[in-house]
Amino acid sequence: MPGQYTMSIDRAVEVARETEKLGVGGLLLFGLPAEKDEVGSDAYSEDGIIQEALRALRQNVKDLLLITDICLCEYTSHGHCGVIRHKAVDNDATLPLLADAAVSHVRAGADMVAPSDMMDGRVAAIRGALDREGFSNTPIMAYSAKYASAFYGPFREAANSAPEFGDRRGYQMDPPNAREALREIATDIQEGADIVMVKPAMAYLDIIARARRMFNTPLAAYQVSGEYAMIEAAARNGWIDRERTILESTTAIARAGADIIITYYAQELARSL
Ligand SMILES: [Zn+2]
């Protein structure tokens with residue numbers, strides 16, 4: 001995507017310092033390992049890319065919240081969010097690996113973990129593992145209502161994480177289904193999520209608004225890569241006013257009820273606001 005880069009650790013440290021100075025609340029980190037394998041080993045390895053990055057970042061930023069994405073799809077050779085058995089994702093066999101990833105990230109310096117995999121029972125599995133390891137104060141931001149969306153396209157290309165067979169509709173949510181989102185959010189809160197999330201944002205503002213009315217748990221919304229890409233492409237063509245569109249799109253997410261906005265525009269907004 002124009003203006004977005006995968007980074008080496010030293011560059012990530014520079015960006016984190018700058019972001020902290022701008023007063024942005026936190027960084028959400030996604031790992032892109034040198035080697036991918038069937039079980040996504042780099043996600044929970046002590047010397048995985050995220051663990052190494054966290055140790056470097058932790059030495060350089062104090063106030064910036066370091067949040068890590070917890071999933072296997074960036075780390076698996078097949079691009080699915082869990083381990084595969086009989087050509088399908090094995091939900092229950094994936095849970096301990098996600099829990100291991102969360103524990104190893106927190107050990108390396110993460111302030112909060114953000115499971116994005118949509119496996120059933122993963123918030124409880126991660127909460128239990130963190131508590132057992134003495135990290136009972138570390139919060140979980142759960143991607144609770146994550147729709148199987150076309151808007152994820154640019155990110156997947158950047159992370160080289162498009163599934164090599166099938167798709168993610170077995171574990172991500174069906175776009176026409178609104179009530180299931182509320183059930184998923186309720187389940188995650190029950191399992192111990194401290195923040196719940198709706199993703200993507202713009203095409204799901206109704207879900208954000210419904211979640212806001214129904215739950216008191218802090219609510220995050222993720223303005224995803226496809227939303228960013230549409231704004232950038234249209235602005236480059238001279239079809240829209242880029243700055244106004246950025247502000248209006250994020251204002252809409254806040255107006256719908258999100259307490260936290262995850263956006264590629266965080267630095268830019270912090271500067272202009
Ligand atoms: Zn995933």
Side-chain angles (χ1 to χ4, degrees), residues 1-37 40-77 79 81 101-102 104-117 141 143 151-162 197 199-200 220 222-233 236 242 246 250 260-272:
M1 292 191 296
Q4 299 299 329
Y5 305 94
T6 55
M7 288 169 206
S8 54
I9 290 172
D10 55 338
R11 178 69 187 126
V13 166
E14 283 171 37
V15 170
R17 278 195 178 137
E18 199 185 320
T19 307
E20 183 176 48
K21 254 187 239 142
L22 287 167
V24 172
L27 273 191
L28 182 53
L29 304 167
F30 293 84
L32 191 53
E35 303 280 339
K36 303 192 184 210
D37 64 24
S41 304
D42 199 87
Y44 39 87
S45 153
E46 280 313 305
D47 51 5
I49 183 68
I50 281 291
Q51 290 81 351
E52 301 268 2
L54 283 165
R55 284 188 282 267
L57 289 165
R58 198 72 283 172
Q59 290 180 345
N60 286 279
V61 292
K62 295 268 172 301
D63 297 327
L64 188 69
L65 211 61
L66 299 177
I67 310 159
T68 59
D69 181 71
I70 303 291
C71 194
L72 298 186
C73 57
E74 299 138 69
Y75 305 93
T76 51
S77 45
C81 300
S104 78
H105 290 185
V106 175
R107 252 191 217 126
D111 296 304
M112 176 154 77
V113 293
S116 65
D117 52 281
M141 174 166 70
Y143 289 64
F151 288 96
Y152 305 147
F155 176 95
R156 282 186 190 166
E157 198 167 314
N160 190 21
S161 62
M197 191 202 297
K199 181 185 180 186
Y222 195 144
Q223 186 179 44
V224 301
S225 59
E227 298 176 66
Y228 172 87
M230 287 196 303
I231 294 173
E232 292 302 307
R236 267 160 204 246
R242 182 176 176 279
I246 292 169
T250 45
I260 297 164
I261 302 175
I262 299 161
T263 171
Y264 292 91
Y265 295 119
Q267 289 180 324
E268 195 172 332
L269 284 166
R271 266 188 215 104
S272 66

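Atoms considered below: every heavy atom in the structure, side chains included; atoms not considered: hydrogens, waters and symmetry mates. For the single chain, residues carry numbers from 1 onward in sequence order.
- With hydrogens and angles disregarded, a donor-acceptor distance shorter than 3.5 Å links the side chain of Glu20 to the backbone of Leu64.
- Heavy atoms of other residues, nucleotides or ligands lying less than 6.0 angstrom from CD of Glu18 number more than 12.
- Considering only heavy atoms from C-beta on, Tyr143 stays 4.5 Å or farther from Asp117 through its side chain.
- Between Gly40 and Asp37, the shortest heavy-atom distance links the atoms N-OD1, 2.7 Å.
- Within the model, atoms CD1 of Ile67 and CE of Met112 stand 3.5 Å from one another, a figure rounded to the nearest 0.5 Å.
- Side-chain atoms of Val15 and Gln267, non-hydrogen and from C-beta on, do get closer than 4.5 Å to each other.
- For the residue pair Cys81 and Cys71, the shortest heavy atom distance occurs at CB-SG, 3.4 Å.
- In this structure a side-chain-to-backbone donor-acceptor pair under 3.5 Å is present from Arg58 to Gly109.
- Rounded to the nearest 0.5 Å, atoms CD1 (Ile261) and OH (Tyr222) are 13.5 Å apart.
- The residues Glu74 and Arg156 are annotated as not salt-bridged, no charged nitrogen and carboxylate oxygen being separated by less than 4.0 angstrom.
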Show the numbers, then the answer: is there a side chain to side chain contact (heavy atoms under 4.5 Å, CB included) between Met7 and Glu14?
-> CA-CA 10 Å; Met7 288 169 206; Glu14 283 171 37; over 6 Å; no
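- Annotation: the span from Arg11 atom CZ to Ser8 atom OG amounts to 8.5 Å, rounded to 0.5 Å.
- A 4.5 Å side-chain heavy-atom check between Leu27 and Thr19 finds at least one atom pair inside the cut-off.
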Trace of the salt bridge (Lys or Arg N to Asp or Glu O under 4.0 Å) decision for Glu268 with Arg242 | CA-CA 12 Å; Glu268 195 172 332; Arg242 182 176 176 279; 2.6 Å; yes
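- Side-chain atoms of Tyr264 and Gln4 include no donor-acceptor pair closer than 3.5 Å.
- Between Tyr75 and Tyr44 there is no side-chain heavy-atom pair separated by less than 4.5 Å.
- In this structure a side-chain-to-backbone donor-acceptor pair under 3.5 Å is missing from Gln223 to Ile246.
- One finds the CZ atom of Phe151 at 13.0 Å from the NZ atom of Lys199 (value rounded to the nearest 0.5 Å).
- Summarising the geometry of Gln51 relative to Ala43, their closest heavy-atom pair is NE2-O, 3.1 Å, with the distance given to 0.1 Å.
- Residue-environment remark: CD (Glu35) stays at or below the threshold of 12 foreign heavy atoms within 6.0 Å.
- For the pair Val13/Leu57, a side-chain contact is recorded, criterion being any heavy-atom separation below 4.5 Å from C-beta on.
- How far OG of Ser41 is from CG of Leu72: 9.5 Å, rounded to the nearest 0.5 Å.
- The six-membered or imidazole ring of Phe30 lies near that of Phe155, with a centre-to-centre distance under 6.0 Å.
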Apply side chain to side chain contact (heavy atoms under 4.5 Å, CB included) to Ile262 and Met141, showing your working.
-> CA-CA 12 Å; Ile262 299 161; Met141 174 166 70; 3.9 Å; yes
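- Applying the salt bridge (Lys or Arg N to Asp or Glu O under 4.0 Å) criterion to Asp69, with sequence neighbours excluded, gives no partner residue.
- Taking NZ of Lys21 as the start and CG of Asp63 as the end, the distance is 13.0 Å to the nearest 0.5 Å.
- Between the side chain of Glu232 and the backbone N or O of Ala229 there is no donor-acceptor pair closer than 3.5 Å.
- A side-chain donor-acceptor contact under 3.5 Å links Tyr228 to the backbone of Pro2.
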Check step by step if side chain to side chain contact (heavy atoms under 4.5 Å, CB included) holds for Ile9 and Ile49.
-> CA-CA 8 Å; Ile9 290 172; Ile49 183 68; 4.1 Å; yes
Lys36 vs Asp42, side chain to side chain contact (heavy atoms under 4.5 Å, CB included): CA-CA, chis, key distance, verdict = CA-CA 7 Å; Lys36 303 192 184 210; Asp42 199 87; over 6 Å; no
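- Within 6.0 Å of OH in Tyr152 there are more than 12 heavy atoms belonging to other residues, nucleotides or ligands.
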